[in-house]
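A quick write-up on the structure given underneath.
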Amino acid sequence: MKGIVFTEFLDLVENKFGLAVVDKIIQQADLPSQGAYTAIGTYNFSEMLSLLQHLSEHTQLSIDDLLLTYAEHFFAVLANSYPGLIDKYNDPIELLSSIENHIHVEVQKIYPDAELPTFEIIEKSDSKLVMIYKSSRAMYSFGLGLMNKTFEHFDSSAEITFEKLVSDGTEVKFSIVKTNG
Ligand code: HEM
């Protein structure tokens with residue numbers, strides 16, 4: 001997992017819960033990197049899982065809730081860092097249906113070691129998108145947060161529902177229906 005995902009995560013934890021909580025979860029998580037991340041480095045996904053587990057215990061918020069909130073913050077980071085990738089689109093459904101064959105393809109060129117999910121499109125129209133998320137990291141709540149912010153970015157809104165196809169969250173079917181914009 002790319003370092004930028006860790007550095008932004010720890011920044012957000014610091015803003016929301018304070019530096020003492022950052023120190024505490026880094027200590028408890030017993031990390032090979034010792035919590036010293038650089039944005040361009042690459043680290044084990046298990047470190048993120050361990051940080052999330054300890055933050056979840058500390059805050060009494062579920063890992064899914066934490067990932068959802070984190071993704072809503074991360075969208076702004078992506079939009080600022082890669083404006084060229086997002087500016088190509090003028091519609092949220094067009095953007096979301098292009099993650100697999102354009103956006104993440106470009107990300108993989110920039111970071112050859114990025115670990116990305118796949119999105120298989122099942123149904124697509126101007127106002128509806130059904131796609132299946134697959135990833136061993138089971139970060140579907142992170143995907144949901146990015147989807148929410150994608151609609152907000154285009155001053156649009158949607159009703160997004162999902163269904164786990166595998167109980168551990170490694171395969172999740174998303175149904176996205178645009179409600180305005
Ligand atoms: C300009 C737009 C985007 C950029 C530049 C981008 C880039 C990235 C990067 C750098 C990572 C981390 C990879 C790693 O740590 O190895 C990532 C992960 C991820 N991205 Fe994107 N992304 C974009 C848009 C989206 C959108 C709109 C979604 C919405 C569904 C999405 C879904 C995900 C998910 C779910 C992950 C977590 C990894 C996993 O589940 O396996 N991305 N993306």
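When a ligand or atom number is given, it counts from 1 through the structure's own listing order. FYI, the numbering just counts along the sequence from 1.
Scanning the protein heavy atoms around atom 2 (C) of ligand 1, the nearest turns out to be Ile103 CG2, 3.4 Å. Distance from atom 1 (C) of ligand 1 to its nearest protein heavy atom, with residue and atom name: Ile86 CG1, 3.5 Å. Nearest non-hydrogen protein atom to atom 17 (C) of ligand 1 is Leu116 CD2, 3.5 Å. Atom 29 (C) of ligand 1 has Ile99 CD1, 3.4 Å as its closest protein atom, hydrogens excluded (heavy atom only). For atom 12 (C) of ligand 1, the closest non-hydrogen atom on the protein side is Val5 CG2, 3.8 Å. In terms of protein heavy-atom proximity, atom 31 (C) of ligand 1 is closest to Leu146 CD1, 3.3 Å. Taking atom 33 (C) of ligand 1 as the reference point, the nearest protein heavy-atom neighbour is His104 CE1, 3.6 Å.
Nearest-heavy-atom check against atom 41 (O) of ligand 1 across Ser98, Ser135, Pro83, Gly169 picks out Ser135. Here atom 40 (O) of ligand 1 lies nearest to Tyr133 when heavy atoms of Phe142, Tyr133, Phe6 are compared.
For the atom pair Glu100 CD and Glu120 CD, the distance stands at 9.0 Å (nearest 0.5 Å). Rounded to the nearest 0.5 Å, atoms OG1 (Thr161) and CD1 (Ile176) are 8.5 Å apart.
Residue contacts with ligand 1 do not include Phe45, since none of its heavy atoms lies under 4.0 Å from the ligand.
Within a 6.0 Å radius of CG in Asn180, more than 12 heavy atoms belonging to other residues, nucleotides or ligands are found.
Neither the backbone nor the side chain of Thr42 comes within 4.0 Å of ligand 1, counting heavy atoms alone.
With hydrophobic clusters built from ILVMFWY side chains whose heavy atoms lie under 4.5 angstrom apart, Tyr133 does not share a cluster with Val105.
Considering both main-chain and side-chain atoms, Asp113 never comes within under 3.5 Å of ligand 1 through any nitrogen or oxygen pair.
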